[in-house]
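Here the structure comes first, spelled out in structure tokens, and everything after it is commentary.
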Number of protein chains: 2
Amino acid sequence: MPEDLMRDEDSAEPKKPRQTRIQRKNRQAILEAALDAFAEAGFRGTTLDRIAEKAGLSKPNLLYYFASKEAVHGALLDGLLDLWLAPLRAMDADGEPVEEIVTYALKKLEMARVMPRESRLFAGEILHGAPHMMPEIEGPLRALVDEKAAVIADWMAQGRLAPTDPRHLIFSIWATTQHYADFDVQVRALLQPKRDEHFTQAAQFLETLYRRALTPA
Amino acid sequence: MPEDLMRDEDSAEPKKPRQTRIQRKNRQAILEAALDAFAEAGFRGTTLDRIAEKAGLSKPNLLYYFASKEAVHGALLDGLLDLWLAPLRAMDADGEPVEEIVTYALKKLEMARVMPRESRLFAGEILHGAPHMMPEIEGPLRALVDEKAAVIADWMAQGRLAPTDPRHLIFSIWATTQHYADFDVQVRALLQPKRDEHFTQAAQFLETLYRRALTPA
DNA sequence: CGTCCTCTTGACCTAATGGTCAAATTAATT
DNA sequence: AATTAATTTGACCATTAGGTCAAGAGGACG
């Protein structure tokens with residue numbers, strides 16, 4: 001999974017592979033292990049030994065691939081926002097407004113289901129003040145939100161969507177969908193323990209919620 | 001604030017004060033400082049020295065009042081769930097359904113505004129698997145949710161509320177409201193930096209959202 | 001005002017943890 | 001096969017952090 005989170009230095013110029021076979025494999029294993037660990041216990045709660053163990057390496061060997069614990073964390077975070085926002089980017093100004101938004105919410109829910117670790121990693125980062133991600137949030141994220149909020153506002157102005165605050169609408173979609181990843185243990189504890197069935201219910205609920213709230217009178 | 005989170009041993013039998021004036025003051029200061037610290041940096045990211053410093057005590061002195069870091073954390077968590085669920089408890093089966101739910105959501109939002117630290121403390125706990133709170137979640141919380149879900153289901157059966165999944169409805173209220181506390185830095189980074197004005201907007205948005213989605217056709 | 005109990009602290013201990021390093025081992029390359 | 005470069009690791013180090021302890025300072029009260 002963290003494949004998506006790894007910056008590939010040489011995407012434009014495949015001059016020198018730079019990454020040997022072994023390197024690629026081990027970096028990969030480290031990021032995978034770290035994602036697991038960080039999502040579970042947070043940055044401070046995760047030890048290098050634990051990551052190394054999960055990755056099947058010795059600690060010094062891990063540090064041969066990443067300069068520090070921070071570096072591992074940073075590598076994970078680097079690609080995360082992009083990955084996370086892909087569905088929002090895909091929201092099409094030329095589509096049918098209600099469908100676009102419902103689709104967005106459902107895609108986001110699906111991501112929460114398939115990538116709960118990424119969601120938790122992100123949640124932890126924001127919860128503790130976004131020390132690493134602030135620039136990306138204030139830059140690209142804000143730009144994207146501004147853009148899409150404008151699209152939604154347009155739809156509303158055209159009467160194709162019941163009027164409400166576009167930004168808070170987006171927040172509510174983030175909140176309701178990520179909730180199923182970030183508060184997973186709580187959700188599971190409060191529902192019957194049928195395997196992931198609740199994601200289907202959640203999808204139905206959210207579709208109903210947003211369809212009712214946004215379909216123009 | 002953590003006054004509410006402190007277990008008062010002697011509520012029924014005021015036999016022995018047990019708590020001296022100094023004790024009350026210092027325990028209080030410690031919990032207040034710890035709430036700040038834990039909410040900001042999480043359990044593992046918070047040091048006893050930091051708490052002691054914030055509380056204006058020496059570390060050994062802090063440990064005179066609480067046996068361990070765990071104990072401080074536990075003391076904070078102990079009262080938290082009760083405090084957190086008070087608004088849901090207040091939801092009245094005899095009230096007007098839509099109003100009851102909208103009121104609940106708005107109360108919850110208000111709590112997120114007034115007690116963001118408590119919200120973050122809770123979020124961190126759940127995010128990392130609820131190691132301390134699981135019993136309370138599976139016990140009292142689940143019971144309360146079951147009870148209120150039944151009330152909501154009743155309302156829906158009576159046609160006084162548009163039908164949908166009651167539990168997921170509750171989750172959505174938790175998610176959308178707590179989002180403003182837990183993801184505060186993100187919310188602020190994406191909106192104009194007007195002081196807490198966004199809580200008013202959020203209230204309007206949420207009221208609209210739930211009113212539209214729940215008012216029977 | 002002396003005694004007992006509460007409170008406070010400086011010094012100290014130990015375990016955990018992030019990180020280093022030189023030496024050894026293994027893969028590439030010629 | 002030899003040489004070079006990449007990879008791996010055991011031993012080590014320094015710092016941090018949770019927690020202890022014995023002794024001292026402060027308060028309550030007969």
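Throughout, a chain's letter reflects where its sequence line sits, starting with A, and its residues are numbered from 1.
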Under 3.5 Å side-chain donor-acceptor pair for His132(A) and Glu70(A):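 The answer is yes; a qualifying pair exists.
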Rounded distance in Å - [atom1] ([X]) to [atom2] ([N]):
X        : N       : atom1 : atom2 : value
Leu57(B) : dT9(C)  : CG    : P     : 7 Å
Phe66(A) : dT8(D)  : CZ    : C1'   : 16 Å
Leu48(B) : dT20(D) : CG    : P     : 11 Å
Ile51(B) : dG18(D) : CD1   : P     : 8 Å
Ile22(A) : dT8(D)  : CD1   : P     : 6 Å

Think [X] has a side-chain N or O under 4.0 angstrom from the OP1 or OP2 of [N]?
X        : N       : value
Tyr65(A) : dT8(D)  : yes
Gln23(B) : dT6(C)  : no
Arg21(B) : dG27(D) : no
Asn61(B) : dC7(C)  : no

Options dG19(D), dT9(C), dA17(D), nucleotide nearest the side-chain atoms of Lys59(B):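 Per side-chain heavy atoms of Lys59(B), the pick is dG19(D).
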Side-chain donor/acceptor of Arg120(A) to backbone N/O of Ala181(A), under 3.5 Å: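 Side chain of Arg120(A) to backbone of Ala181(A), a donor-acceptor pair under 3.5 Å: yes, one is there.
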Donor-acceptor under 3.5 Å (Lys69(B) side chain, Thr46(B) main chain):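 It does hold such a pair.
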Touch class at under 4.0 angstrom, heavy-atom based, for Leu63(B) against every strand present: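 Answer is base: heavy atoms of Leu63(B) come under 4.0 Å of a base.
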Cation over ring face, Arg113(B) and Tyr180(B), 6.0 Å, 45°: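 Not flagged: Arg113(B) not positioned over aromatic ring of Tyr180(B).
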Lys69(B) (side chain) and dG19(D) (base): donor-acceptor pair under 3.5 Å: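 Donor-acceptor pair under 3.5 Å: no.
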Residue mapping more 5' on DNA chain C - nearest nucleotide basis, Asn26(B) or Arg44(B):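 That would be Asn26(B).
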Tyr64(B) vs Ala67(A), nearer the 5' end of DNA chain C by closest nucleotide: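 Counting from the 5' end, the first nearest nucleotide belongs to Tyr64(B).
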